[in-house]
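Worksheet: one structure, shown below.
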Amino acid sequence: MLLTQLLATAFVIVGCCITMYVCIYHCYCVVRGVEVNELILVPIVVIGVMTMLVLLVLCLLSLLFNLISHLIL
């Protein structure tokens with residue numbers, strides 16, 4: 001159960017960090033009058049989403065393992 005909670009916490013933290021970075025970068029570009037460069041944002045968003053998906057899969061596997069261990073034992 002602790003592993004699932006840690007993974008869920010990491011999932012939320014990664015999601016918040018990605019969202020904050022993209023919003024701050026976009027606001028910075030708007031305030032400075034600079035054109036938003038999507039080539040900078042796209043790899044960060046893709047890496048963040050892939051990290052969140054890996055954490056989600058690990059969280060689901062942990063829950064499944066926990067459920068199976070309770071059913072067997």
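Scope of the values below: all heavy atoms of this structure, side chains included, with no hydrogens, waters or symmetry mates. We count residues from 1, following the sequence as given.
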Can [Y] be reached from [X] by stepping across I, L, V, M, F, W or Y side chains whose heavy atoms are under 4.5 Å apart?
X   : Y   : value
L56 : L58 : yes
V46 : I44 : yes
V42 : M50 : yes

TODO: Among Ile, Leu, Val, Met, Phe, Trp and Tyr joined by side-chain contacts under 4.5 Å, find the other residues sharing a cluster with L71 and list them by chain and number.
DONE: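 Besides L71, the cluster holds L67.
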Open item on the list: Connecting only ILVMFWY residues whose side-chain heavy atoms lie within less than 4.5 Å of each other, what is the rest of L61's hydrophobic cluster?
Closed with: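 V57, which link up through side-chain heavy atoms under 4.5 Å apart, make up the rest of the cluster.
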Task: Residue of the set L55, T51, V49 for which side chain to side chain contact (heavy atoms under 4.5 Å, CB included) holds with L53 - done: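 When side chain to side chain contact (heavy atoms under 4.5 Å, CB included) is applied between L53 and each of L55, T51, V49, only V49 qualifies.
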- [ ] Applying side chain to side chain contact (heavy atoms under 4.5 Å, CB included), name anything that partners I72, two or more places apart in sequence or on another chain.
- [x]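 Partners of I72 under the side chain to side chain contact (heavy atoms under 4.5 Å, CB included) test: I68.
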Would you list the atom pairs, donor with acceptor, under 3.5 Å between side chains in residues 27-36 and any protein atom, with sequence neighbours excluded?
residue: Y28; atom: OH; partner: R32; partner atom: NE; Å: 3.4

Open item on the list: If I take atom OH from residue Y21 and atom NE2 from residue H26, how far apart are they, to the nearest 0.5 angstrom?
Closed with: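 Interatomic distance, Y21 OH to H26 NE2, rounded to 0.5 Å: 13.0 Å.
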TODO: Name all residues meeting the side chain to side chain donor-acceptor pair (under 3.5 Å) criterion together with Y25; count only those two or more places apart in sequence or in a different chain, and write none if there are none.
DONE: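 Listed in chain order: nothing, the list is empty.
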Please list, one pair per line, the donor and acceptor atoms closer than 3.5 Å that link side chains of residues 7-19 to other protein atoms, with sequence neighbours excluded.
residue: T9; atom: OG1; partner: Q5; partner atom: O; Å: 2.8
residue: T19; atom: OG1; partner: G15; partner atom: O; Å: 2.8

